[in-house]
Amino acid sequence: MNGGSLHLPARMRTAVAFAALLALILVAACEKVTKDAPTSVEDLLAAAGLHDENRPPRLRIGVYTWQRPMAYVDRGEHRGFDVDIARYIARNLGYDGDDKIEWVSINNVADRVKVLQQNTVDLVVASFSITTEKKKYIDFAGPYLITEQSVLIPTAQKNAITTIADLKNPEHQVCTATGSTSEALLAQRKIPYIPLDSDLLCFQGLRKGTFHAMSTDRTILSGFAGQAPGRFALLDLKLATATNPGTERLGVGVSRDNPALRQLVDYFLHRSFLDQRRGLSTEWQRAYREHLTDLGPATQPRPEQVPELVDFDSKSPAR
Amino acid sequence: MTATAEAPDTAARSEPEPRPGSGQLFWTVVVAVPAALSLLRLWIEAGGQLQTTLMIVSNVNPGNLFAAVLLIGTRTVTMALLAVLALGGLLALSATAAEQAGRPFRRRPLFARCADATELWLLVAIAALAAMTWPILYLPLLLPALVMAGQATAPYRGLQPWERRATLAALLAAYAAVTWPTVTEAWRQAEPVVVLLLVVPPLLTPLVSGPVPRPVVRVLAGAAQPAVLLLGAWALLPLMAVPVLPLTATTVREGTAPPVTVLGYVIDSDDELTAILQEHGGLRYVHNDEITARVLCPSPDELPVYRIRVHQLHVEDSLLEAWGRQRRPVSVTDAVCRGGRSPDRTSL
């Protein structure tokens with residue numbers, strides 16, 4: 001290894017290696033300057049129009065105002081599982097606190113699609129089940145909750161209605177909301193039913209004795225049952241069919257014209273899902289414990305279409 | 001081996017004695033350059049407006065500002081020093097080899113003299129600083145740089161060739177074990193530059209030691225100084241753009257008007273007023289009574305470009321940053337920081 005006795009090939013080898021190293025540094029420098037940054041949350045916030053100066057100053061979210069325990073108004077304050085999920089999403093989008101949210105009342109099932117198409121809301125968080133049919137008109141983020149269809153009856157009918165066959169009995173008037181998952185399931189089961197505009201109307205009919213049973217999401221029915229303890233009971237009945245599992249995947253409705261907003265909502269739902277999987281306490285869990293604990297233990301489902309985004313905390317080990 | 005070991009002595013004999021006071025000059029430059037940079041940064045920070053610059057100068061603590069520039073500039077300074085020393089090591093060995101072959105250069109290259117004058121402890125200290133502050137992605141470049149810079153030092157020359165090879169083999173094996181999952185992940189994500197940066201420098205490390213041919217020395221000696229200067233300037237550009245003041249979002253409610261969020265840098269606060277240098281430009285004074293909240297916001301510069309990690313550490317983090325993230329893993333971005341960068345945006 002005497003420096004003076006080194007023959008040329010060894011020196012050339014060093015020179016070539018050095019040149020290769022320089023070339024690599026140049027390539028890395030060019031990459032640093034020219035590489036396109038991946039899509040970030042900030043990019044999508046801008047693409048979703050949330051940074052536009054001309055947009056409404058508050059985030060407009062469509063929710064029910066009567067659907068315990070999912071979304072209702074209690075002494076002037078919006079409460080419920082859907083409301084808490086909506087607040088979580090809004091805060092992550094930059095709208096922290098109720099003074100930065102415009103709660104838009106949803107009165108019936110059909111309104112949920114209509115308000116999105118008319119662009120009178122940005123999001124709809126209203127027990128909105130994700131279906132192929134609805135996806136023709138609007139987009140969905142989520143699901144954020146998986147629930148099943150169930151049947152609520154007055155306690156007085158407890159002995160009269162216990163099976164699917166009992167529901168098929170023409171003497172028993174079964175109510176459900178038009179366009180709901182329950183409606184499809186009842187039709188498949190060939191159970192005669194009366195469709196009304198909303199679950200609330202069905203429940204009012206059930207209270208008056210107009211109907212003998214009503215069917216909708218188990219979450220909603222447990223809320224109705226809670227309004228008059230002891231007067232109503234949930235049937236332990238599986239409405240599922242071979243082609244329809246009877247489960248309902250609740251998602252956040254977003255206009256089809258705003259795919260960036262759908263991606264953002266999915267991204268933040270997925271973050272909550274990941275935190276839950278890591279054993280961290282999440283707002284989803286807190287909302288479930290507060291509003292839906294009667295339904296038994298549950299975990300947040302994984303959203304279906306999670307976008308690959310970077311955010312300010314993407315370098316953190318927790319991400 | 002003995003001839004190479006004598007090289008620095010030969011070089012020292014052929015060079016004039018250092019000018020008296022050159023040590024003071026060096027340290028003056030080391031202190032003065034960051035200080036001058038700090039002041040120039042304030043000019044940029046103030047949006048080029050003289051009055052705003054004077055306002056910031058009169059309020060920003062010079063010690064804190066100097067510390068901020070030093071903190072951000074460490075990786076640039078260590079990069080420049082290592083480039084000089086690595087090139088210097090290569091040129092020193094080549095110049096010594098030329099002298100021993102009886103064909104000395106007219107003047108020993110400047111960087112070679114820098115390498116001759118560098119003690120091993122200084123090289124180790126610079127390398128340690130670089131290892132802590134460079135993005136993990138670029139750390140593999142330290143391996144060949146250290147071999148090139150270290151080959152002119154006595155401890156390296158004191159090692160037998162087999163000892164060097166064994167040490168290097170052990171280092172490379174450990175390196176491969178640590179980085180292999182990252183290399184495969186980078187390959188899967190179709191990030192060829194990341195793969196090259198992780199794989200090529202260690203493979204080149206055994207090949208970059210030793211002298212280079214005479215014409216190459218001439219080219220390097222002539223081009224190295226302007227090249228390093230250019231590299232330094234290029235590395236300084238982002239340094240001049242990185243903010244040295246913390247970015248905050250201040251929520252202000254004037255009377256019954258809806259709250260307004262002011263995004264910017266708080267540069268002064270007294271009993272009555274707070275002066276905020278707005279991110280989009282201009283200084284704004286806000287009554288303290290009207291301030292309802294203030295949060296620290298991340299800067300868009302902090303968004304990563306890659307989704308690749310070495311084990312749990314993100315490749316764009318330095319070891320220090322990654323260590324910090326391990327200690328405080330949860331980072332929360334406040335909602336008011338999400339409101340975009342539009343001027344005087346109302347609180348959303």
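Numbered from 1 within each chain, the chains take letters A, B, ... in sequence-line order.
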Atom [atom1] of [X] and atom [atom2] of [Y]: how far apart are they, to the nearest 0.5 Å?
{"X": "B:Leu141", "Y": "A:Ile25", "atom1": "CG", "atom2": "CD1", "answer": "5.5 Å"}
{"X": "B:Ser209", "Y": "A:Arg13", "atom1": "OG", "atom2": "CZ", "answer": "6.0 Å"}
{"X": "A:Arg91", "Y": "B:Thr333", "atom1": "CZ", "atom2": "OG1", "answer": "12.0 Å"}
{"X": "A:Leu309", "Y": "B:Leu303", "atom1": "CG", "atom2": "CG", "answer": "11.0 Å"}
{"X": "A:Phe312", "Y": "B:Ser299", "atom1": "CZ", "atom2": "OG", "answer": "7.0 Å"}

Do any N or O atoms from the side chain of A:Thr14 and from the backbone of B:Val212 form a donor-acceptor pair under 3.5 angstrom?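 It does not hold such a pair.
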Under 3.5 Å, side chain of B:Arg307 to main-chain N/O of A:Ser314, donor-acceptor pair present? no
State, yes or no, whether a side-chain contact exists between [X] and [Y] at a heavy-atom distance under 4.5 Å.
{"X": "A:Asp96", "Y": "B:Val336", "answer": "no"}
{"X": "A:Leu93", "Y": "B:Arg338", "answer": "no"}
{"X": "B:Met148", "Y": "A:Phe18", "answer": "yes"}

Chain A: which of [options] shares the most heavy-atom pairs with it under 4.5 Å?
{"options": "B:Arg328, B:Glu321, B:His314", "answer": "B:His314"}
{"options": "B:Asp334, B:Val200, B:Leu90", "answer": "B:Leu90"}
{"options": "B:Leu220, B:Thr205, B:Leu137, B:Val193", "answer": "B:Val193"}

Run the numbers on B:Glu316 and A:Lys32 for salt bridge (charged side-chain N to carboxylate O under 4.0 Å, His left out), then give the verdict. CA-CA 11 Å; B:Glu316 290 168 76; A:Lys32 191 170 171 54; over 6 Å; no
Portion of [X] that has a non-hydrogen atom of chain A nearer than 4.5 angstrom:
{"X": "B:Leu196", "answer": "both"}
{"X": "B:Leu87", "answer": "side chain"}
{"X": "B:Val305", "answer": "both"}

Between [X] and chain B, which part of the residue has a heavy atom less than 4.5 Å away: side chain, backbone, both or neither?
{"X": "A:Asp311", "result": "both"}
{"X": "A:Val41", "result": "side chain"}
{"X": "A:Ala19", "result": "neither"}
{"X": "A:Ala46", "result": "neither"}

Kindly check if the number of other-residue, nucleotide or ligand heavy atoms within 6.0 Å of CD (B:Glu163) is above 12?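 More than 12 within 6.0 Å, yes.
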Can you tell whether the side chains of B:Glu302 and A:Lys315 come within less than 4.0 Å, N to carboxylate O? no
Does this structure show an ion pair linking A:Asp313 with B:Arg325, if we count only N-O contacts that are shorter than 4.0 Å?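 No, no charged N to carboxylate O under 4.0 Å.
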Among A:Cys30, A:Ala15, A:Ala37, residue most engaged with chain B (heavy-atom pairs, under 4.5 Å): A:Ala15
